[in-house]
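Just so you know, these numbers use all the heavy atoms, side chains as well, and skip hydrogens, waters and symmetry mates.
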Amino acid sequence: MARNAEKAMTTLARWRAASSEGGKKDQERRPFLASECRDLKKCEKWRSQIIREIAKKVSQIQNAGLGEFRIRDLNDEINKLLREKRHWEAQIKELGGPDYSRTGPRMLDHEGREVPGNKGYKYFGAAKELPGVRELFEQEPPPPPRKTRAELMKDIDADYYGYRDDDDGILYPLEERIEKKARKKLIDDWIESKDKETEDVEMDDETTAQKQIPSRQDMQEALLLKKKQELMEKYL
C-alpha cells in the first residue's frame, strides 16, 4: 500500500513538473519590439508564428457571412500582423539572417492573384467587396508624375545632338556614293563646256582664245571645293 502511495506521489510530482515547464513555455510571449530580441533563432521562431496567425486570419476573412464590422476588424488585424512581420524580418537581417524582403514570396490571395492594396494597406478575402473598397480599385490610376528639368536633361547626351551619327557606319557609304555622282557630273560638265569652247574656237579662231585643258590637280581642287560646298549646305 505504501509502495503504491509512493508511486502515486512520484507520478504526481512528475506531472506537476511537466505542467510547470509546459506552463512556462506557454507563457513565453512574443516581444512587443522586434529590436529587443538579439537571438536569430528566436526571431525566426516569432516570424513563423506571425505567418501562421496571418494564414489563419486570411482563411477566416474569406467568409462573407461574418458581417462588415468583423471583416473590417479581421482585415485590420492582418495588416497589423504584416507590419509586425516586416519588423521581425528587418531584425533577422540585422542579425545576419536572410533578407526576406527580397527573397520572400509576394502576398497572393486564394485565387493566386496579388493582394490589392492602397498606400501599403492590403485587402483580403471578403474585405475586397466591402462598400467603398471596390470603388477604390475601380478608379482610374493617377497620371504619372511630371519629370523635372533635371530628369529630362539626364537623357540628353552627344547622341541626342547627333554627334555620333557617323559611328553606325551608314553615313560614310552614302557620302561616298554622292561624292562619286558629284565628281562624274563635274567632269561631264567640264567636258561639255570644253567641247562647246572648242566649237566656238573653230568657228571664230580670231575672236576666241582656246583655253588650256585643266590638269589633274585642277580637277581635284574643283571637286574638293564642290564637296565642301555641299557639306556646308547640308549641315550649316
Should [X] and [Y] be counted in the same cluster of Ile, Leu, Val, Met, Phe, Trp and Tyr side chains packed under 4.5 Å apart?
{"X": "I78", "Y": "I51", "value": "no"}
{"X": "I191", "Y": "L223", "value": "no"}
{"X": "I92", "Y": "L95", "value": "yes"}
{"X": "I178", "Y": "L186", "value": "no"}
{"X": "I187", "Y": "L225", "value": "no"}

**Request:** Would you please test L82 and R86 for side-chain contact (heavy atoms from CB on, under 4.5 Å) and show each step?
**Result:** CA-CA 6 Å; L82 287 174; R86 288 194 292 269; 4.2 Å; yes
May I ask you to decide if [Y]'s main-chain N or O and [X]'s side chain share a donor-acceptor pair within less than 3.5 Å?
{"X": "E77", "Y": "K57", "result": "no"}
{"X": "N79", "Y": "K122", "result": "yes"}
{"X": "E44", "Y": "L40", "result": "no"}

**Request:** Would you sort out whether R30 and W88 count as a side-chain contact (heavy atoms from CB on, under 4.5 Å), showing the intermediate values?
**Result:** CA-CA 11 Å; R30 189 165 65 235; W88 283 104; 3.8 Å; yes
**Asked** Considering only heavy atoms from C-beta outward, does the side chain of I61 approach that of L66 to under 4.5 Å?
**Response** no
**Item:** Contact check, side chains of E230 and E179, non-hydrogen atoms, under 4.5 Å
**Value:** no
**Message:** Suppose we screen for salt bridge (Lys or Arg N to Asp or Glu O under 4.0 Å). Which residues come up paired with K56, at least two apart in sequence or across chains?
**Reply:** none
**Request:** Could I get the full list of salt bridge (Lys or Arg N to Asp or Glu O under 4.0 Å) partners for E221, not counting sequence neighbours?
**Result:** none
**Full working for side-chain contact (heavy atoms from CB on, under 4.5 Å) between F124 and L74** = CA-CA 9 Å; F124 299 85; L74 271 174; over 6 Å; no
**Nearest atoms (heavy-atom pairs only) where A64 meets A126** = CA-CB, 3.8 Å
As an exercise, state the distance from [atom1] of [X] to [atom2] of [Y], rounded to the nearest 0.5 Å.
{"X": "I71", "Y": "Q62", "atom1": "CD1", "atom2": "CD", "answer": "10.0 Å"}
{"X": "Q217", "Y": "L224", "atom1": "CD", "atom2": "CG", "answer": "11.5 Å"}
{"X": "S48", "Y": "K85", "atom1": "OG", "atom2": "NZ", "answer": "10.5 Å"}
{"X": "Y121", "Y": "R83", "atom1": "OH", "atom2": "CZ", "answer": "8.0 Å"}
{"X": "K45", "Y": "I50", "atom1": "NZ", "atom2": "CD1", "answer": "12.0 Å"}
{"X": "N75", "Y": "K128", "atom1": "CG", "atom2": "NZ", "answer": "10.0 Å"}

**Request:** Sequence neighbours left out, what passes side-chain hydrogen bond (donor to acceptor under 3.5 Å, both in side chains) with D189? Give chain and number order.
**Result:** K185
**Message:** Before you tell me yes or no, could you show the steps for R47 and Q91 under side-chain contact (heavy atoms from CB on, under 4.5 Å), namely the whole-Å CA-CA distance, both residues' side-chain angles and the distance that decides it to 0.1 Å?
**Reply:** CA-CA 10 Å; R47 176 182 177 273; Q91 183 66 4; over 6 Å; no
Presence of salt bridge, [Y] and [X], under 4.0 angstrom:
{"X": "E84", "Y": "K80", "answer": "no"}
{"X": "E36", "Y": "K42", "answer": "no"}
{"X": "E89", "Y": "K93", "answer": "no"}

